[in-house]
Structure formats: structure tokens, C-alpha cells
There are 2 protein chains.
Amino acid sequence: MPRTRKEPDARADFRGKAATINDIARLAGVSKKTVSRIINRSPLVRGDTREKVEALMREVGYVPDPLARGLAFRRSFLIGMIYDNPTAQYIVDIQYGALDALRDSGFELVVHPCDSRSPDYVTGVRRFVQQQKLHGVMLVPRVSEDQALCDMLNEIGCRYARIAAVSLDGPEKMVVTHDRDGAAEVADYLQTLGHRDVAMITGPAAYRSAIERTEGFVGALQRRGIELPKSRLVEAGYTFESGVAAAEKLLGAKKRPTAIFCGNDEMAAGVYRVALRMGIQIPQQLSVVGYDDSPLASRLWPPLTSVRRDTRDTGRMAAAMLLQNEAGSRPLSSVRPHLVIRDSCQPPA
Amino acid sequence: MPRTRKEPDARADFRGKAATINDIARLAGVSKKTVSRIINRSPLVRGDTREKVEALMREVGYVPDPLARGLAFRRSFLIGMIYDNPTAQYIVDIQYGALDALRDSGFELVVHPCDSRSPDYVTGVRRFVQQQKLHGVMLVPRVSEDQALCDMLNEIGCRYARIAAVSLDGPEKMVVTHDRDGAAEVADYLQTLGHRDVAMITGPAAYRSAIERTEGFVGALQRRGIELPKSRLVEAGYTFESGVAAAEKLLGAKKRPTAIFCGNDEMAAGVYRVALRMGIQIPQQLSVVGYDDSPLASRLWPPLTSVRRDTRDTGRMAAAMLLQNEAGSRPLSSVRPHLVIRDSCQPPA
DNA sequence: CTGAAAGCGCTTACAG
DNA sequence: CTGAAAGCGCTTACAG
């Protein structure tokens, strides 16, 4: 005859049903409320009681049921990751980082891509958050830059962590990636190599990252005495194809720049394509720098010098932020980009 | 004075608390059990009762609480996606496809990367499945090929959908990608172009996809009267670097092949790198074909001919499979690869 | 076809 | 520091 429900097995996790809070309470000879206090790390438990119960929980491999806990708490143990349309590598790196932070926390990551151009995407996110009673959400660029979305989240009382190029909110809600600094480092590097006639292919002005990278680059050049004329600044769409079009404009000019900084690696690949077609040698006749340090950067020839972002750390910080108890006065989370020098630049001819 | 709990508001979803099954039951003048039957699409409800209640649910925007439902069902409304280490684009495409299938189903997708080389990864997956009481899991290559993992899942009664190059399980548990056919199409194409001395850089023999692609290629060549000597088959690791090493071996030989088929695009990029270094022109002196049709394929120059897999469809089928009620005798889910011809091949010189 | 009671495994609110 | 009662929002098991 099988064991009855009322005779819990110490190895209950492996055969039959898993142990519940009632089993633990009975076995430990305390009330379930006391067990609950221990699960929730309440200080209102005597040291020896706590130890006895914790030992028992370990022994039987007891883990509280997130569904039951969620129902009682009116909040699940799920973290949502909301994103629009970044590159695959970026999404995956943020996910890995977030999962690093969530490991052994009892929280899980639920992914939620959306289309921020759709008029009712904010409503869609709200439904998602409310129906799942999410514990919090990670906001990845570009949705992280949408103030209307954050207003909605504040209104419904959903905590969130925004990943963005620059601080847009309270420090307890931001992971700042300082794109301005990464772009400035590129400017310094190119100036040091001796480039004076440089150009930039920027991302869409609707992206905060594009603005920051552009201003960081232009500003740092200025500080070093180089003024970038309007014609040397071409806006593109962060895609390969748009990078090709922008490169054609810049490299087809009567006098072409000696170096081009691209707002991301995809557009840098577009510059490579056009340079190849036009017989312009990289880096001998043209220096190129990207941003992202994606896998593509080392697949190109010559390997592309690019700004690396520690995307996994970024994801880790955003998730960790959502696990913290309440605000407190934590410092701003931030992650610094840095230039990875490969073979796509040299002093101008 | 705010509304009390006991006076539900028709727009309860927007102000204060959301409506519950009790609210619906009271407003509709039926028991909560009847509402429950409607939620669960039980046929044991009279048509007019059903319509009345459904109209009311729509009106107040009622959605049953997945936490409460999960607790009562002893099973959550979460689908797990378990994967080891494929490329970022592949993971993201599977996720998008899965989310297509889950949209408006009330189910959500929880991601769970793991390291299948770690000795206790199966235990880790079991903990994940049992603690979250997952409704089912999607198994992506290479974990999808691990019979020990599937045995464990069967043992604990967790439904799963395996994505693999070939059928490894009952049809209600498989999404088959027919890599053999994709590879055969490459062989036919190269033979038609006139190539006789061809080579292949294969993925690791520990991957089912690598075996299928190799056998499909070799077999189709044989059927067309071309026998591939052992020396023309080089095993590599599905990475860029391993592709470089394999290409060096093949292209450094006294007599080099006129065409190389690579088990994936990353390794094809490695062939491009070596060809460039050795001054071998693609496609004039060497034809190259990849597998995956990743974004990389069109970033390379000349654009790479490659086998496309409909990864998003694959993810969609796997998730849809998990939502289906019970087995029944469904046909095998399968997705067909096909060759995308670009500019990396031509007849041999 | 419909419903009243008990229960899923936790926490909150209250009492001591 | 500890506990008994009620409740979170659903479903199951039983009855009619």
C-alpha cells in the first residue's frame, strides 16, 4: 500500500508528492506560521528554532511552492524581460546575465518581446504584468527609453529596471551603460592615430544610444580641437543595409574621410562592403571603428576595432536590482564600455 | 470611501482589484463551478448559460488568475525552454516562434539555458520542472538529443517537445528538421554546377545535426556517382576558429577541392578567412556553401549560399505541441530546409 | 446540466 | 518569539 498523504516521507521530493509547509511544521513540531517566517527570513524566530527547521528543510529537500506563495502574496516569482528589437546577441547576453542574478533565488525569467511602434504595446505590457502578477520587469533599449511605458508601470505599482545609455530615472531603477564614454574613447583613439578628417555613421536619432554615441564622439573630438562638419555626420538605421547606404554617401564624396566611426558593428560591416566594392583598403586607406563588439567584429577582415559593452553584466545588474527588498539609497548601477583594438585602424596615409 | 471588495466594479480590471471568479459568478447569477467549467471549456454547460457568462467576462475584462489556477491544478501555466549553447540567433528565433504559438493562450515562456556537459545538469532541469510545476518543456538541440534527459522527464511525468534533425521519439513529442535533406540539396546543387572534387567541414559527431548533414551530403553525392574520400571530410566544432583550422587543412593540401560544404555558417566564415589569406578567390577558385542562413551569410563577401532552416516555425511547432490536450494521433511535426543561393558558388574553373 | 463543500500550499491579520 | 483562523482564487470530488 502506498504511503498516505499524512505520513510524509523524508525523501518526499523524490517519490510521490513533494513535502509541504504542513509536513515541515509537523515534523519540526512548530506551527506552519513559524515555518513561513523562516522561509521569508523574518527576524521574529528564535535562533535554535530556525536552525532546527532549516536543517529539516534541507534534509527533505523542501522548497516552498511558488504558485501557492504567489497566490497568497498576490505577486508571482517571475521577472519579465521586455524588449523591442535589438540584435539577437544582445538579447541573449542580457538573458544570460539576468539568469546569473536569478540563480537560486527562486525567481524565473519570462521573456516578452513586443513592438514599440504598435500603438497599443503599452497596454499589452500592462496586461502581461497584471495577469502574471510579475514581481518586476527588466526594460531593455529601446522600450527602456519610453517614459509613457514607465509611467504606466508606476501607476500600476510594478517595479522595473531600465537599461539605458544615460540616466533617465531614479538610481534604484537604472542601469546606465555610458555610451557617451565609449564613443569619446573612439574619438581619442582616432585623434591619437593622427586622423583629422573623420566621419560618423550614427544610429537613428530616436534612440538614446545613438544620441549619446554621437554627442560623445563629436564632443571628444571638439575637446581635441577637431570640429566635425555636418556633412561628416550621416544618420542611418543601425542595420547593415543602412550602413551600406551611408557609406556610399561618405565614400563617394569628392574628398573622403580617413576614418569612419559607426554607431554599431552592423553598420561597420556595411562600410566594409562598400570599401571592398570601391577598392578602398581597410585600414591602409580607411580606418573603421564599430560599437558593440559583436561576434561579427572578429568575422570581418580585417578584424574590426569596436567598443565592447559588458552586456551580460548589464543584464545581471538589472535583474539583481529587481530582487532587492525596497529602494534604500543604493548607488547608481553602471557599466563602462571600453575600446577593443583590432586591425581596422592605422594612422592616415 | 473606496469600493469594498464585495461590490465588484465592471471595470474592476482598471481601478482597484481585478475581478475574480466569485465576482463573475455572482454577477452572472451562477455558481463559481459553472464559471470554472466555462473557463476550462467543459461541454457540460448549457449554451445560453455559457454565452451569458462569456459576455460578462469580456465586459469586465476578466482573466482567471494563473497563480490560483496553477495551485489548484498542481501545474503552472509556464512553458520552459531548455537549451545548451546554440548561436544567439537560433535561440532568439526559437523564442519568437514559441511566443507566436503561446500568444493569447495564457501560457508564458520561461527560459532555462544549461550546460549539458555538467554532470548534474539533468538534476538541475528536474528541479526547474518540479519546482515551477511546468506545463511542459521545449528541448532545443543539443539537449533535445539527450535520451537520459527525456527518460527523466518521462519519469516525473513532464511533457516535452524535442527539436532534432531526425525523429528520436514518438511523433507527438518531435519536431523534425530534416537536416539530411538540406545537405542533400547542397550535394545536388554542387554536382549540377559540375563539381566533382568536393569536401565537407562537419560539425562535431556528438551532434545529431552534424551526423545528418554529413550523411545527407555524402549519400546524395554517392547517388550522383561521386565518392567522397575520407580526406575530404574534416570534423570541426561548429565554431569560426575550428572552421579556420579545418579550412587550412583542406586548402593547404597539394590538390585542393573545388567546393567546400560547411556544417554551419560560422565555419564557412572560417573558410572565407583562410581563402582570403591564401589568395584563393571565392567563387572563381573555390565554391563555398554554409548551413543556417544566419545574418552572417549576407554580411560576408561574396554573400554566402546557405541552407535556410525555418527556425521560427520550428519554435512555433514545438510550443504548439505542448499546448495540445493529449496525444491523439497527430502527424509528425516537421520543417523542411531549403537552399538559398547567393554568390559563393560557380562551376569549377 | 448545475452547485455546495473541501482543498491546493502558502501568507496576512490578529492575538497572545 | 509563536500560533490558530481566515483567506488568496481557483479546481476536484461528490452529489443531485
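Below, each value reflects all heavy atoms present in this structure, side chains not excepted, and no hydrogens, waters or symmetry copies. Here is how names work: the chains are called A, B, and so on, in the same order as the sequence lines, proteins then strands, and each is numbered from 1. In this text the structure is predicted, and so the values were computed from the model without any measurement.
No donor-acceptor contact under 3.5 angstrom links the side chains of B:Asp146 and B:Ser144, judged on distance only. For the residue pair B:Asn154 and B:Arg159, no side-chain donor N or O sits within less than 3.5 Å of a side-chain acceptor on the partner. Side-chain atoms of B:Tyr62 and B:Asp23 form no donor-acceptor pair, as typed in the model, at a separation below 3.5 Å.
A salt bridge does not link A:Arg117 to A:Asp84: none of the charged nitrogens lies less than 4.0 Å from a carboxylate oxygen. Between A:Asp93 and A:Arg312, none of the side-chain N atoms (NZ, or NE/NH1/NH2) sits under 4.0 Å from a carboxylate O, so this pair counts as no salt bridge. We find that B:Arg162 and B:Asp169 are joined by a salt bridge, their nearest charged nitrogen and carboxylate oxygen being less than 4.0 Å apart.
With rounding to whole Å, B:Arg46 atom CZ is found 5 Å from C:dT2 atom P. Atom P of nucleotide C:dG9 and atom CD of B:Gln130 are separated by 14 Å, given to the nearest angstrom. Computed from coordinates, the B:Ile38 CD1 to C:dC1 P distance equals 12 Å when rounded to whole Å. If you take CD1 of B:Ile24 and P of C:dT2, they are 17 Å apart, rounded to a whole angstrom.
Residue A:Thr49 has no polar side-chain atom (N or O) positioned under 4.0 Å from OP1 or OP2 of D:dC1. Here B:Thr34 reaches the OP1 or OP2 of C:dG3: one of its side-chain N or O atoms lies under 4.0 Å away.
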> How does DNA chain C read in dot-bracket, base by base from 5' to 3', with Watson-Crick or G-U pairs under 3.5 Å and | used when the partner is on another strand?
Replying inline: |||.||||||||.|||
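A centroid separation of 6.0 Å or more is found between the aromatic rings of B:His135 and B:Phe77.
Between the side chain of A:Ser333 and the backbone N or O of A:Met317, no donor-acceptor pair lies under 3.5 Å.
Every residue meeting the side chain to side chain contact (heavy atoms under 4.5 Å, CB included) condition with B:Asp48, not counting sequence neighbours, appears here in chain and number order: B:Arg46.
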> When every nucleotide of nucleotides 10-16 of chain C is labelled 5' to 3' by its protein contacts under 4.0 Å (heavy atoms), B for base, S for sugar-phosphate only, - for none, what sequence of letters results?
Replying inline: BBB----
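Residue B:Pro43 is in sugar-phosphate contact alone, with no base atom involved, counting any heavy-atom pair closer than 4.0 Å across all strands shown.
Relative to the side chain of A:Val30, the nucleotides C:dG3, D:dG9, D:dG3 differ in distance, and D:dG3 lies closest.
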